[in-house]
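Keep in mind that this is a model prediction, so the values were computed, not measured.
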Amino acid sequence: MPEENGVSAFETINNSSFEGKWKIIFFYPKDFTFVCPTEIVEFAKLNEEFADRDAVVLGGSTDNEFVKLAWRREHPDLKSLNQWSFADNGVKSLVDGLGVRDQVENVALRATFVVDPHGVIQHVSVNNLNVGRNPAEVLRILDGLQTDELCPCNRAVGGDTL
């Protein structure tokens, strides 16, 4: 088992992981690509803001955990990543259960899920393989969902509700 500073680099996560927290789960097509690290880094830049909203950010693809570890160790922008990375390459994969696998390329689409502390999906967005997403928009949506009030179109993070 690969280690980092004498501790296993891997941990199993499941439905009961991060109990009581909001979860931002985002899929990207592949490790060692060009668009994917730009999204991962942008989510990481907002990680403290997500944490302030009691949310944990998890980003993953269908590549295995060893590929992820190698990519994080090699890519300068991912070496000190402050968010969870996950491998979804099992037989009963989450990407298939959620219907976000590109059937031609056999990789995850750029899907984003905002899941409340009770495990209920509150928001989904899916981009095709060639279009990166906007993590600040995901933060804006989470902020609106957490108000439990009516939020007008284009409401900024922390903005007025109706």
For Leu162 against Pro152, the heavy-atom pair lying closest together: CG-CD, 4.0 Å
Salt bridge Asp143-Arg155, side-chain N to carboxylate O under 4.0 Å: yes
Output field: ring centroids Trp84/Phe18 closer than 6.0 Å: yes
[X] vs [Y] side-chain heavy atoms within contact, under 4.5 Å:
X	Y	answer
Lys23	Pro117	no
Phe27	Leu109	no
Ile13	Leu58	yes
Ile121	Leu98	yes
Asp116	Gln146	no

Donor-acceptor contact present, side-chain [X] to main-chain [Y], <3.5 Å:
X	Y	result
Arg133	Ala111	yes
Asn89	Thr62	no
Asp88	Ser93	no
Lys30	Tyr28	no
Arg110	Leu129	yes
Glu105	Gln103	no

With sequence neighbours excluded, residues passing side chain to side chain contact (heavy atoms under 4.5 Å, CB included) with Ala51: none
Side chain to side chain contact (heavy atoms under 4.5 Å, CB included) partner of Val114, chosen from Ile25, Leu145, Val124: Leu145
Verdict with supporting geometry, Trp22 and Gln122, side chain to side chain contact (heavy atoms under 4.5 Å, CB included): CA-CA 10 Å; Trp22 286 79; Gln122 295 293 329; 4.1 Å; yes
Gln83 and Asn47: side chain donor to acceptor below 3.5 Å: no
Over 12 non-hydrogen atoms of neighbours within 6.0 angstrom of CG in Asn130: yes
Worked check of side chain to side chain contact (heavy atoms under 4.5 Å, CB included) between Ile24 and Leu142: CA-CA 9 Å; Ile24 309 301; Leu142 174 64; 4.2 Å; yes
